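Counting starts at 1 for both ligands and their atoms, following the listed order. A quick note: this is a predicted structure, and the numbers were derived from the prediction, not measured.
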Amino acid sequence: MNPASTSPGSELPARIRKDPAALHPPPHLRDPAATAARFVWDDARALVDGLPDGGGLNIAHEAVDRHLRHGRGDRTALRWIGKSGERRAFTYAELAAASNRFASALAGLGVQPGERVFVLMGRLPELYVAMLGALKARCAVTPLFSAFGPEPIATRCAMGDARVLVTTPELYQRKVAGLRERLPGLRHVVLVGDAPADGPGLRRWGELVDTASADYRIGPTDPEMPSLLHFTSGTTGRPKGAVHVHQAVLAHAASGRFALDLHDDDIYWCTADPGWVTGTSYGLIAPLVCGVTSVVVEAEFDAATWYDVLERERISVWYTAPTAIRMMMKLGTGPLAGRDLSSLRFLASVGEPLNPEAVVWGQQAFGLPFHDNWWQTETGGIMIANVPALDIKPGSMGRPLPGITAAIATRDGAGHVHLIDDPGVEGELVLKTPWPSMMRDYLDEHARYQKCFSEGWYFTGDLARRDDEGYYWFVGRADDVIKTSGHLIGPFEVESALLEHPAVAEAGVIGIPDPTAGEVVKAFVALKPGFEGSEALRRELLGHARKRLGAAVAPKAIDFRANLPKTRSGKIMRRLLKARELGLPEGDLSTLESDER
Ligand code: ATP
Ligand code: MG
């Protein structure tokens, strides 16, 4: 791998070359274009078994039980590292038994297939066991962030008609108990842990699950049966509840191999919480379906802890997110000195645009670039990716995976789709329907769901462009794009340029209404340690941006912030920067994480 040329006006390489023949193990996707040309979704059926006796397709069977049938029951499926360093490991056989017990327990409680099970807890092993058990019981599962406050929990449980909630006594007392009367449908609350708790329908995990049968036969599961109900991150507004089905496992099985290149003996770490779809699709389902060892870390981000995990657990494939990468970049490569991270072989990132600076920093810090990929709660799985065998163009999301047809398009007032074939032209990123992990509805918002589709295309709400080699470049969310003096500006481009300045740790860019230009670009910047937000630095950054972007695109104003507001899944909430700047209502803040102004 060696940088070839640099992009204009920047020191960053425009291309990081890959030699597929030099990769070990050989990537699943050796020739991405050739595979994409011949792949059909029926091919993915070879990656799963299906339930015995033609019983259909169940995610938990494919993730866990299937491995026992193939003699892989003794392999470690989950390796859990607790906050104070304690460890627990589950082989596939142990995970099969534990999830069977929870499925049996649900049946014992009279919970019916199709009913909804919500899970609210930190990244404890029981979270994963409960999700798998509920899937076996053919209940639809919704994992919630444990850091949610009472209101977002109650709203989501009510919207999703939660019948069962699995949580801890502490979270129950603090966040749920006071709102129980708003949740008449919530019949059972299963508490993981020892602390006492009183309330209607309360059961202890230990009593309920440990005594339940480890023999459980998954009932017939229609591939179209709902499996997961996942709420979006709430970056652009009130979170939507995307309904997914068991058949999605075909996409997880394929993308786990194609995009994350998971091989049998990989030790894999996805840093996302299952409260965000990445932590479910790629923190639980895809790695287990691919039969690897998946590491779960209970603690929240801390660079030293994370580097300890990478080194001690001998992580080979690491899937993380831009915010975390930027936090690591903020500290420089110093904390990595003397560590042995030779086990790492593939680094991937998702959730937000990955600034070119961050892609390249991966090489400095870990000897490997980060591979950006793109998808949404709605798509259920990775759609566009930088795969191991493909040259990386830093700043690009990569190319559509086999089975996925992407395009750039516009939609006219009558709902007709106009595909834009010319490379380099911006438009909405659209995906040809169907694919197995596509959402099947928005909970309680069917009309909104239908509006996402026209003439066989799914409209993602993201603007992008495709280059002449078929790489996709994220421009911005349709809601965030700035229109200034006849130009369309994507915040990502401006943020990436600011991030190239050594003082900048994070940047969020918005449009401010302006009587002459329509909108002007304004940036909010958080600085790296050791830098002060002085007037001189402001001028320097404005100058740096003008040099990189030209006067039309560069920000006209820059404000310094200690932190930028982010969702719990780590996305910069530009809508909140804007609302605060303009004194407008702040909207739904249920997923807001850091709130330092
Ligand atoms: P909401 O829909 O509630 O506003 P959200 O869109 O942030 O929240 P998610 O489904 O978690 O909820 O995130 C998907 C979105 O994240 C994508 O539509 C895109 O805007 C952004 N995204 C994800 N991956 C990438 C990427 N690699 N590059 C650029 N943007 C990305
Ligand atoms: Mg979205």
Side-chain angles (χ1 to χ4, degrees), residues 143 145 152 156 228-242 244 255 259 272-283 319-323 325-326 347-356 358-359 370-387 392-401 406 428-431 437-439 442-443 445 448-449 451-452 458-465 471-481 490-493 495-496 565-576 587-593:
F145 277 110
R156 284 164 178 72
L228 285 149
L229 167 61
H230 232 297
F231 288 89
T232 60
S233 289
T235 315
T236 55
R238 192 163 63 83
K240 297 146 275 185
H244 288 285
S255 58
D273 188 278
W276 177 35
V277 71
T278 302
T280 299
S281 290
Y282 295 98
Y319 194 21
T320 187
T323 299
I325 298 170
R326 289 192 291 259
L347 316 184
S349 164
V350 72
E352 280 212 301
L354 187 64
N355 316 89
V359 175
F370 281 101
H371 295 72
D372 187 21
N373 57 56
W374 176 96
W375 59 291
Q376 308 177 305
T377 310
E378 291 87 339
T379 69
I382 301 171
M383 300 281 108
I384 296 180
N386 285 285
V387 298
I392 296 179
K393 300 187 188 183
S396 160
M397 317 190 279
R399 297 209 299 217
L401 288 183
E428 190 162 343
L429 175 61
V430 298
L431 303 168
S437 62
M438 188 174 92
M439 67 164 167
Y442 276 140
L443 194 66
E445 294 185 281
R448 183 175 196 173
Y449 166 81
K451 274 201 202 127
C452 301
Y458 164 67
F459 278 69
T460 64
D462 284 344
L463 300 187
R465 58 195 153 77
Y471 284 68
Y472 282 77
W473 298 75
F474 183 81
V475 172
R477 292 156 180 275
D479 293 1
D480 288 342
V481 166
F492 173 48
E493 186 187 6
E495 290 161 9
S496 289
K566 291 191 207 76
T567 65
R568 299 210 169 277
S569 51
K571 296 159 191 268
I572 297 172
M573 287 170 104
R574 294 175 191 82
R575 69 167 160 106
L576 193 53
D588 184 298
L589 298 185
S590 59
T591 59
L592 176 66
E593 184 180 41

Next item on the list: Just go through H230, M397, M573, K571 and tell me whose heavy atom is the nearest to atom 14 (C) of ligand 1.
Entry: K571

Notebook entry, point to check: Out of R575, R477, M439, who gets a non-hydrogen atom closest to atom 6 (O) of ligand 1?
Noted result: R477

Notebook entry, point to check: Are any side-chain N or O atoms of T379 and backbone N or O atoms of Q376, one a donor and one an acceptor, separated by less than 3.5 Å?
Noted result: yes

Note to self: On a heavy-atom basis, I'd like to know which of T377, D588, D462 is closest to atom 19 (C) of ligand 1.
What the structure shows: D462

Note to self: Please enumerate all residues that pass ring-ring contact (aromatic ring centres under 6.0 Å, His included) together with F492, with sequence neighbours excluded.
What the structure shows: none

Item checked: Any N/O pair T460/ligand 1 closer than 3.5 Å -> no

Note to self: Show, in sequence, the C-alpha distance, side-chain angles and deciding distance for E445 and R238, and conclude whether the salt bridge (charged side-chain N to carboxylate O under 4.0 Å, His left out) test is met.
What the structure shows: CA-CA 12 Å; E445 294 185 281; R238 192 163 63 83; 3.6 Å; yes

Next item on the list: Under 4.0 Å, heavy atoms only, figure out whether ligand 1 is touched by the backbone of W374, its side chain, both or neither.
Entry: both

Notebook entry, point to check: Taking atom 21 (C) of ligand 1 as the point of reference, which of S233, G461, G351 owns the nearest heavy atom?
Noted result: G351

Check: Would you say G234 has any N or O atom under 3.5 Å from an N or O of ligand 1, going by distance alone?
Finding: yes

Notebook entry, point to check: Considering only heavy atoms of K240, which atoms of ligand 1 have at least one such atom less than 4.0 Å away?
Noted result: 1 (P), 2 (O), 3 (O)

Next item on the list: With R465 as the cation and Y472 as the aromatic partner, state whether NZ or CZ is under 6.0 Å from the six-membered ring centre and within 45° of the axis.
Entry: no

Note to self: I'd like to check the ring-ring contact (aromatic ring centres under 6.0 Å, His included) partners of F145; sequence neighbours left out, ordered by chain and number.
What the structure shows: F148

Check: Any idea which of G570, A464, P353, G395 brings a heavy atom closest to atom 28 (N) of ligand 1?
Finding: P353

Next item on the list: Classify the contact between F492 and ligand 1 as side chain, backbone, both or neither, using a heavy-atom distance cut-off of under 4.0 Å.
Entry: neither

Check: Applying a 4.0 Å heavy-atom criterion (strictly less than), which segment of N373 is in contact with ligand 1: side chain, backbone, both, or neither?
Finding: backbone

Item checked: Side chains of L589 and L576 in contact at under 4.5 Å (non-hydrogen atoms) -> yes

Margin query: I need the nearest protein heavy-atom contact for atom 26 (C) of ligand 1: residue, atom name and distance, please.
Written below: E352 O, 3.4 Å

Margin query: Only heavy atoms of T235, strictly under 4.0 Å: list the atoms of ligand 1 that pass.
Written below: 1 (P), 3 (O), 4 (O), 5 (P), 7 (O), 8 (O)

Notebook entry, point to check: Roughly how far apart are M439 CE and K240 NZ, rounded to 0.5 Å?
Noted result: 8.0 Å

Next item on the list: Side-chain contact test, heavy atoms from C-beta onward, threshold under 4.5 Å: evaluate it for R568 versus D273 and give yes or no.
Entry: no

Note to self: Would you say that W276 contacts S233 through its side chain, given a criterion of any heavy-atom pair below 4.5 Å between the two side chains?
What the structure shows: yes

Next item on the list: Would you mind listing which atoms of ligand 1 come within a distance below 4.0 Å of any non-hydrogen atom of V350?
Entry: 24 (N)

Item checked: Per-atom contacts of ligand 1 with W276, taking only distances under 4.0 Å to non-hydrogen atoms -> 11 (O)

